[in-house]
Amino acid sequence: MTEATRFNPHIADARWQEYWENNKTFHADDESEKPKSYILEMFPYPSGRIHIGHVRNYTMGDVLARYKRMTGHEVLHPMGWDAFGMPAENAAMEKKTHPGSWTRENITNMRAQLKRLGFALDWSREIATCEPEYYGQEQALFLALYKAGLVYRKESSVNWDPVDMTVLANEQVIDGCGWRSGAPVEKRKLSQWFLKITEFSDDLLDGLDDLKNWPDKVRLMQENWIGKSSGLQFHFDLENSVNSDDGAIDKVEVFSTRPDTIFGASFVAIAADHPLAQSLAKDNQQLSDFCDDCRKMGTTAAELETMEKKGFDTGLSALHPLDPTWKLPVFVANFVLMDYGTGAVFGVPAHDQRDLDFARKYMLPVTRVVAKAGDEETPIANEAFTGEGTIINSRFLDGMEIEAAQKSVIDHAESENWGKTQVTWRLRDWGVSRQRYWGTPIPIIHCNQEDGSGCGPVAVPNDQLPIVLPEDVGFDVPGNPLERHPTWSKVDCPSCGKAARRETDTLDTFADSSWYFLRFASQPADKPFDRGVVEKWMPVDQYIGGIEHAILHLLYARFWTRALAHIDMLDVKEPFESLFTQGMVTHETYSRQADGDAKPTFFSPDEITRTSSDATLNSDGKAVDVGRVIKMSKSKKNVVDPDEIIDQYGADAVRWFMLSDSPPERDLPWSEAGIEGCWRFVQRLWRLKSLIGDETDSPDKDLMRKMHQSIAGVGEDIENLAFNKAVAKIYALVSAIEKAKPSADRNSAIRTAFMLCAPMVPHLAEEAWSEIGDGSNIIANAAWPTFDKTMLTEDEITIVVQIKGKVKDKFTTVPGRSKEELESLALASKKVQNIIDGAPIHKVIVVPDRLVNIVI
RNA sequence: GCGGACGUGGCGAAAUGGUAGACGCAGCAGACUUAAAAUCUGCUAUCCAAUAUGGGUGUGCCGGUUCGAGUCCGGCCGUCCGCACCA
């Protein structure tokens with residue numbers, strides 16, 4: 001084969017990318033009459049280089065976007081940058097650069113990388129969240145929410161690094177110490193801004209039912225996250241009251257979802273931050289130390305659940321509400337959270353594992369109050385009993401089922417006025433303050449005069465937006481550059497005109513990604529979005545991204561959409577109609593174990609020569625260990641660079657690889673052999689074009705059937721995002737074409753094949769279409785081929801004959817035969833007769849066009 | 001700890017409760033070629049039989065439902081993912 005007959009992606013890719021751009025092929029028209037389709041992939045963080053995982057994500061969205069165009073939709077398929085965040089500040093410190101220039105340079109590089117993949121994106125709508133045109137509008141939205149009462153300020157604790165003088169993210173706290181300084185991390189209380197997401201708890205939960213096209217697991221994760229539970233809130237009277245700054249404390253309010261176990265209580269536990277604990281700690285150094293220890297511990301759910309349960313006996317006694325003579329010890333415990341419920345619980349060791357662990361440690365009684373029949377006398381060992389059963393050892397509740405007992409206790413509490421039913425949520429309000437530079441400045445001015453007067457926090461007037469981040473900052477000294485800036489924070493109070501201070505905290509970057517899909521749809525200069533235009537495009541018809549965003553990003557975006565609807569800026573309920581979470585791209589690792597117990601050294605794929613059986617290091621020709629196929633990561637060096645792959649194989653082969661083999665929700669193992677196979681297939685597709693010949697009229701019914709089946713199947717597979725299946729069907733069609741004899745039908749099948757693969761390998765498809773198409777259109781604008789239903793069924797089918805469910809024989813026949821005909825054809829089989837051997841036939845099951853099962 | 005997902009050839013996988021392994025990769029054999037690359041053809045779960053035709057086994061393990069289970073149910077085992085300041 002000569003070079004001239006090969007597909008050359010280096011020429012074709014650039015040619016078509018330029019053509020599409022010059023002709024604005026993928027610009028979305030707000031005024032279009034066609035049905036709309038909004039296809040969105042989660043926008044990337046500009047970390048520096050496009051990762052192969054991005055390529056997979058955007059290729060999937062691109063196939064769908066191109067397919068939707070071909071099926072007559074006006075498609076909005078935009079791209080932008082989630083450009084604020086910590087990595088830019090880290091880079092600024094490490095590389096002595098500025099977060100802005102680092103980020104913008106990354107965007108430039110990554111945009112160029114994305115463009116090389118030929119995605120059908122409307123680049124005219126590109127946004128970067130770090131630009132004032134974007135975050136200024138976000139400030140306006142923040143103020144709108146503020147004015148609607150959905151934003152408030154409260155004290156909240158953060159991880160504080162005393163050496164770097166900075167707040168640390170959870171992930172920057174390693175074994176209780178700052179990742180950079182190594183200094184022990186402290187908890188520090190700061191006054192911070194919160195968004196009232198809990199105002200929408202019920203609605204966010206109920207709305208999940210309508211998200212039929214979301215993965216069940218994501219809906220479940222959100223449901224658990226919101227964590228609605230109902231139970232009894234009541235108080236224990238304290239035997240002796242405790243003095244505090246706010247007067248005497250004489251009771252402890254607790255919440256429980258299991259009031260039926262109230263007679264199994266053996267202690268009361270309160271959080272270290274509980275007002276009662278705080279008051280006691282003032283006069284008790286040991287308790288004070290214990291509370292400090294609690295605060296030093298991690299706050300993530302995983303850490304709380306797995307850490308050793310520890311308590312401190314306050315010496316106080318709580319009186320059981322159903323028996324005032326019954327006294328329970330009151331502990332401060334590290335596993336009770338001030339943020340959830342009332343910050344206090346009663347412990348029922350027999351029926352809660354955490355309580356049981358705690359009771360064993362502090363020698364507290366364990367009384368079984370729920371039992372399955374026959375288990376009444378079985379002692380609780382090391383495992384709490386959380387199953388169904390009947391109430392025992394519980395006075396007036398004895399003999400009741402759990403549910404009846406709960407109702408009975410609640411009735412008692414309400415009639416005797418010591419408690420009431422209560423719905424509690426796990427969901428907490430969203431703390432959005434970040435003590436960092438590289439984020440959206442919070443548009444608030446603090447007016448606090450030295451004499452104690454002042455207006456307090458004041459919203460920046462809208463005509464002063466955007467509040468632009470100052471560029472003249474440095475990162476060579478610890479602390480937040482916005483706080484140190486000589487002039488930026490010094491402003492006059494918009495309300496009274498006296499000297500005041502600008503808020504130096506910035507917004508959580510999740511705020512930036514909570515409304516970007518609205519700004520993509522509409523981006524006027526003078527407001528966040530145009531309501532009418534947004535409502536034309538929204539909701540996003542298909543959203544695609546990683547499972548790591550299953551909870552926070554998706555919940556926050558759902559919240560912002562509701563909040564904006566609540567203040568009547570928008571009439572959209574759910575932002576994302578369908579959600580798809582794609583798998584990661586993985587790669588095997590190459591390593592060598594050094595002598596001793598040192599960590600192994602990893603090698604990158606381009607330092608390795610891989611054969612089917614083993615791998616050798618290029619530099620010394622000796623073998624390396626081939627490790628498991630795992631998520632690509634820099635530390636394991638098992639990364640591949642999309643640019644290098646495109647240089648070598650072109651965009652279409654890379655795109656084809658991203659879609660082949662693995663189902664899109666599952667991990668995709670990258671391999672050199674795999675991409676080479678895709679490259680060969682791209683060339684094989686290209687050669688189909690040269691099979692186009694004379695329009696000789698010799699009908700090829702088998703090929704036509706295959707063609708119509710492929711049109712139906714590939715379309716359905718793309719609609720279902722089952723790209724691997726669509727790819728398999730295209731392979732099968734191409735094979736059938738190659739085996740067919742020349743005919744007008746074959747020419748037609750070849751043209752159809754290019755149509756079907758156009759969303760996946762668009763450059764090759766355009767290049768081929770420019771030669772063999774009808775000349776009226778580029779393939780990106782062509783109409784998806786239609787299929788003839790009557791052409792989908794086979795002329796001849798195979799019927800399986802089973803005896804007691806085991807396949808014993810087969811015969812072929814025409815489709816559509818009656819059950820009786822199939823049964824007699826099956827019974828006529830010699831093999832079948834031999835096996836039956838005169839035995840009585842109990843039953844014959846006939847599945848039309850499929851099988852006959854004879855039960856003897 | 002809690003929650004979730006997944007487990008099928010050497011590998012990625014396919015299979016409305018109805019012929020397990022489509023399609024691809026790797027491999028083997030052959031054709032073409034001075035040769036290589038590229039391309040094409042055939043084979044490729046496993047055991048027995050060893051020639052086509054044949055027979056048995058097989059979807060992580062144990063059990064259940066069913067005429068029939070990779071698929072549904074229960075219980076194990078294993079792997080992976082998420083868990084509020086990473087984005």
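Keep in mind it's a predicted model, so treat the numbers as computed, not measured. Within every chain, numbering begins at 1; the chains are lettered A, B, ... in the order of the sequence lines, protein sequences first and strands thereafter.
A straight line from CG of L220(A) to C1' of G4(B) spans 7 Å, rounded to a whole angstrom. If you measure from atom CZ of F681(A) to atom P of C25(B), you get 10 Å, rounded to the nearest angstrom. Rounded to a whole Å, the CD1 atom of I854(A) is 15 Å from the P atom of G68(B). One atom, CG of N224(A), and another, C1' of G4(B), lie 9 Å apart when rounded to the nearest Å. Rounded to whole Å, the distance from CG on N720(A) to C1' on A15(B) is 16 Å.
A centroid separation of less than 6.0 Å is found between the aromatic rings of Y731(A) and W656(A).
Relative to the ring axis of W214(A), R219(A) does not place its NZ or CZ within 45° and under 6.0 Å from the centre. The cationic atom of R6(A) (NZ for Lys, CZ for Arg) does not lie both less than 6.0 Å from the six-membered ring centre of W686(A) and within 45° of the ring axis.
When heavy atoms are screened at a 4.0 angstrom cut-off, V158(A) is found touching base atoms of the nucleic acid. Within the 4.0 angstrom heavy-atom criterion, base atoms lie near E548(A). Here H842(A) lies out of heavy-atom contact (under 4.0 Å) with every strand. Nucleic acid contact class of S433(A) (heavy atoms, under 4.0 Å, all strands): base. At a threshold of 4.0 angstrom between heavy atoms, the contacts of K309(A) with the nucleic acid are absent. Using a 4.0 Å heavy-atom criterion, one finds that E588(A) contacts no nucleic acid atom at all. Among the protein residues, P663(A) comes within range of the sugar-phosphate backbone only, with heavy atoms under 4.0 Å from sugar or phosphate atoms but none that close to a base. Contact annotation for W225(A): base contact, defined as any heavy-atom pair under 4.0 Å involving a base atom. Nucleic acid contact for S662(A): sugar-phosphate only, since backbone atoms but no base atoms lie under 4.0 Å from a heavy atom of the residue.
Between W193(A) and E503(A), the side chains place a donor N or O and an acceptor N or O closer than 3.5 Å (distance only, hydrogens not considered). With hydrogens and angles left out, the side-chain atoms of N106(A) and W81(A) include no donor and acceptor closer than 3.5 Å.
When each of U39(B), A13(B), C85(B) is scored by its nearest atom to the side-chain atoms of R680(A), the top-ranked nucleotide is U39(B). For F510(A), whose side chain is taken as the heavy atoms from C-beta onward, the closest listed nucleotide among C85(B), A87(B), G12(B) is A87(B). Nearest to the side-chain atoms of P669(A) among the listed nucleotides C85(B), G12(B), C83(B) stands G12(B). Distances were taken from every side-chain heavy atom of A673(A) (C-beta onward) to each of A14(B), G24(B), A26(B); the shortest belongs to A26(B). Comparing A84(B), C40(B), C86(B) by their nearest atom to the side chain of M86(A) picks out C86(B). Minimum atom distance to the side chain of R428(A) is reached by A84(B), of the listed G82(B), A84(B), G4(B).
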**OP:** Run the numbers on I197(A) and L204(A) for side chain to side chain contact (heavy atoms under 4.5 Å, CB included), then give the verdict.
**Re:** CA-CA 9 Å; I197(A) 189 171; L204(A) 286 166; 3.8 Å; yes
**OP:** Give the C-alpha distance, both sets of side-chain angles, the deciding distance and a yes or no for ring pair (Phe, Tyr, Trp, His ring centres under 6.0 Å) between Y543(A) and F517(A).
**Re:** CA-CA 10 Å; Y543(A) 196 31; F517(A) 42 90; 7.2 Å; no
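Of the C1' atoms belonging to G10(B) and C76(B), the separation is 28 Å, rounded to the nearest Å. Remark: the separation of the P atoms in G24(B) and A15(B) is 16 Å, to the nearest Å. Comparing G74(B) with G4(B), their P atoms sit 13 Å apart, to the nearest whole Å. With C1' as the reference atom, A50(B) and C40(B) are 31 Å apart, rounded to whole Å. Rounded to whole Å, the C1' atom of G70(B) lies 14 Å from the corresponding atom of G9(B).
Nucleotide U46(B) is matched to G56(B) when pairs are restricted to Watson-Crick or G-U wobble geometry with both distances under 3.5 angstrom. If you check U51(B) for Watson-Crick or wobble pairing at under 3.5 angstrom, you find it has no partner at all. Partner assigned to A29(B) is U41(B), using Watson-Crick or G-U wobble distances below 3.5 angstrom. Shown here, G17(B) forms no base pair; nothing in the strands shown gives a Watson-Crick or G-U wobble contact with both key distances under 3.5 Å. Pairing for U34(B) is absent, with no Watson-Crick or G-U wobble pair whose two atom distances lie under 3.5 Å. Of the nucleotides present, G24(B) is the one that pairs with C11(B) by Watson-Crick or G-U wobble criteria, both distances under 3.5 Å. Figure legend. G3(B) is base-paired to C81(B); pairs are counted as Watson-Crick or G-U wobble with both atom distances under 3.5 Å.
Phosphate proximity of C67(B) to K843(A): present, with a side-chain N or O under 4.0 Å from OP1 or OP2. Phosphate contact (OP1/OP2 of A87(B), side-chain N/O of T509(A), threshold under 4.0 Å): present.
Contact check for E794(A) versus R705(A): side-chain heavy atoms found under the 4.5 Å cut-off. Between N638(A) and V629(A), the closest side-chain pair of non-hydrogen atoms is not below 4.5 Å.
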Original post:
What string of B, S and - do you get for nucleotides 18-23 of chain B, 5' to 3', when a contact is any protein heavy atom under 4.0 Å?
Top reply: BBS-BS
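Relative orientation of the Y516(A) and H553(A) rings is tilted, given thresholds of 30° and 60° on the angle between their planes.
Anti is the glycosidic conformation of G12(B), whose angle departs from 0 by more than 90°.
No N or O donor and acceptor, one from the side chain of R666(A) and one from the base of C6(B), sit under 3.5 Å apart.
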